[in-house]
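Have a look at the structure below before the remarks.
Both ligands and their constituent atoms are indexed starting at 1 by order of listing.
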Amino acid sequence: MASDPDPAAVRGVATTSHDGRFRDDPHAVYDALRADARACVPDPEYGRAIVTRYEVARALLRDKRFGVDARRAAEGSYVRRIAGTGVVEGRGDNAYEPPLVLLDDPGHRRIRTLVGRAFNARTVEEQRPRVARIVGELYDAVAGRSEIDYVREIAGPLPARVIAEMLGLADADPAGVKRWSEDILWGYDPERDAARQRRLREAYEAATATVRTTVAARRREPRDDLISAMVRARDEEDRLSDLEIVSLCIQLMVAGNVTTSDMIGNGVFHLLTRRDQWERLVARPDLVPGAVEELLRFDCPITETARIAYEPADVDGCPVVSGDVLTLSLSAANHDPDVFADPHELDVGRDADGHLAFGSGIHVCLGAPLARMEVQLAIGELARRHPGARVATERPPRRHLPFFRGLEALPLVLT
Ligand code: HEM
């Protein structure tokens, strides 16, 4: 997938899935950007500069001079159009609490500490039998069929069912949870139109109402679920308010659904279209956890994130001033040949440690242990039940949601 250096390609949507060239071959775009002498390549249309090199991106994710509060970004930068969900702050019952990922310290540290008590690696590991059961039920439902849409029937519903059960949204229909999360995620599209904005707001209001009712019920009578754990979570005198719990639940629904579905869909597509790699996994199930890390590196579902300069700085030779917005391409960093040899090759035996698919620093993905578990179980079970599975189309359709990379459908032939 080598490409001609063509930095002029960086214009607005050029590194988003709204751009057909990027959708088909993002690394043609990224390789060209990485070939530019500048570590930060300006994109005047989106009011930002793009970073593609691993070391620079990783250092920025951990640099305290850069933050995530879009209100501190220069006028005209695209982050001002994607900040939050477009839900206005302080609207009575639907008052808006910025998501963790858009909150700086000390507010971020406070909430992360409290939620970390409810959502740590041990709590998540305890969910393995539950997740395995849901995976088994989804595959059972397609047993005996020769053709399925893997995204619609397995990869799509799995994370929605897992998070709805974990949170304890017993009365919420998982299909509804999935729809809300997708509609809310469009808040990250700087090009979204009025109809999208309306769907976003309706989804946010419906999700808020459902979660709020459950939070109130768990305050009265706790159960063995994540909402009850959040209600209980305390750090000395500090605790989460109802509004914070509602906001966190919506974040977990939004951040954990489309990303994980995309990861499973992308991963299965890449494995089944590289038969030698698939056969290795079928023969050696113990390779699955490492293969999932390699798939995260190879085609990460969140392609990029942004950081805002809070003071003047020099970024690998590029001067930045307060308010400048840097887009850090996690996808490009994961294909930096200075860090990963033959980066455009998928090798399920590779040590992909250090990839940036889950970010790095204080905002590193809170749900990474859960996402890893879901992807490992979904791919491992496909290899066990359907070793002869094949992709039924050469070019499965890709979604057009910027910064998130996933398939809309993945027709498979099961044998
Ligand atoms: C393969 C699936 C996933 C990928 C690739 C992914 C990726 C990421 C990335 C890159 C970030 C950091 C963004 C930044 O620094 O700007 C992040 C943050 C976050 N993720 Fe994930 N994620 C996944 C699944 C999940 C799941 C399953 C959950 C929860 C159920 C989740 C919850 C969160 C939360 C709450 C944050 C914000 C953390 C903070 O700001 O402290 N994610 N994720």
For Cys300, is the nearest heavy atom under 4.0 Å from an atom of ligand 1?
no
Is Glu202 paired with Arg199 through a side-chain N to carboxylate O contact shorter than 4.0 Å?
no
In terms of residue, atom name and distance, what is the protein heavy atom nearest to atom 40 (O) of ligand 1?
His363 ND1, 2.6 Å
Basic-acidic side-chain contact under 4.0 Å: Glu75, Arg80
yes
When you measure from atom 6 (C) of ligand 1 to every protein heavy atom, which one gives the shortest distance, and what is it?
Phe358 CD2, 3.6 Å
Using a strict threshold of under 4.0 Å (side-chain N to carboxylate O), is an ion pair present between Asp262 and Arg405?
no
Closest to atom 18 (C) of ligand 1 among Ser261, Cys365, Ala306 (heavy-atom distance)
Cys365
Can you tell whether the side chains of Asp69 and Arg72 come within less than 4.0 Å, N to carboxylate O?
no
Under 4.0 Å, heavy-atom basis, I'd like to know which part of Glu304 is in contact with ligand 1: side chain, backbone, both or neither.
neither
If you take all heavy atoms of Tyr78 and Val325, which pair is closest and at what distance?
CE2-CG1, 3.9 Å
Would you mind checking which non-hydrogen protein atom is closest to atom 37 (C) of ligand 1, with the distance to 0.1 Å?
Val101 CB, 3.9 Å
contact_flag His108 ligand 1 heavy-atom lt 4.0 Å
yes
Per-atom filter on ligand 1: closer than 4.0 angstrom to a heavy atom of Ile163 are 30 (C)
For Pro301, counting its heavy atoms only, list the atoms of ligand 1 lying under 4.0 Å from any of them.
5 (C)
Give the contacting part of Glu374 toward ligand 1: side chain, backbone, both or neither, where contact means a heavy-atom distance below 4.0 Å.
neither
Using a strict threshold of under 4.0 Å (side-chain N to carboxylate O), is an ion pair present between Arg38 and Asp36?
yes
Taking NZ, NE, NH1 and NH2 as the nitrogens, is one of them in Asp225 or Arg218 under 4.0 Å from a carboxylate oxygen of the other?
yes
So that I can tick it off, tell me whether Arg395 and Asp24 are bridged by a salt bridge, with the cut-off set at under 4.0 angstrom between side-chain N and carboxylate O.
yes
Numbering as shown, the atoms of ligand 1 that approach Ala371 to under 4.0 Å (heavy-atom distance):
1 (C), 2 (C), 24 (C)
His363 versus Thr305: any side-chain heavy-atom pair under 4.5 Å?
no
So is Val375 in contact with ligand 1, going by heavy-atom distances below 4.0 Å?
no
Can you pull out the closest protein heavy atom to atom 26 (C) of ligand 1? Residue, atom name and distance to 0.1 Å, please.
Gly256 CA, 3.3 Å
If you measure from the Lys or Arg side-chain nitrogens to the Asp or Glu carboxylate oxygens, is any gap between Glu293 and Arg372 under 4.0 Å?
yes
Report the part of Asp262 (side chain from C-beta onward, or backbone N, CA, C, O) that has a heavy atom under 4.0 Å from ligand 1; answer both or neither where that applies.
neither
Which protein heavy atom lies closest to atom 33 (C) of ligand 1, and at what distance to 0.1 Å?
Ala255 CB, 3.7 Å
In terms of atom number and element, which parts of ligand 1 are under 4.0 angstrom from non-hydrogen atoms of Ile362?
41 (O)
Can you report which non-hydrogen protein atom sits closest to atom 15 (O) of ligand 1, along with the distance?
Arg307 NH2, 2.7 Å
Note: ligand 1 atoms sitting under 4.0 Å from heavy atoms of Leu330 are 10 (C)
Heteroatom distance test (Thr305, ligand 1): nitrogen or oxygen, under 3.5 angstrom:
yes
Salt bridge between Arg274 and Glu345, side-chain N to carboxylate O under 4.0 Å?
no
Under 4.0 Å, heavy-atom basis, I'd like to know which part of Ala357 is in contact with ligand 1: side chain, backbone, both or neither.
backbone
Audit row: Trp180, Tyr204, side chain to side chain contact (heavy atoms under 4.5 Å, CB included) steps and yes/no:
CA-CA 7 Å; Trp180 292 335; Tyr204 192 87; over 6 Å; no
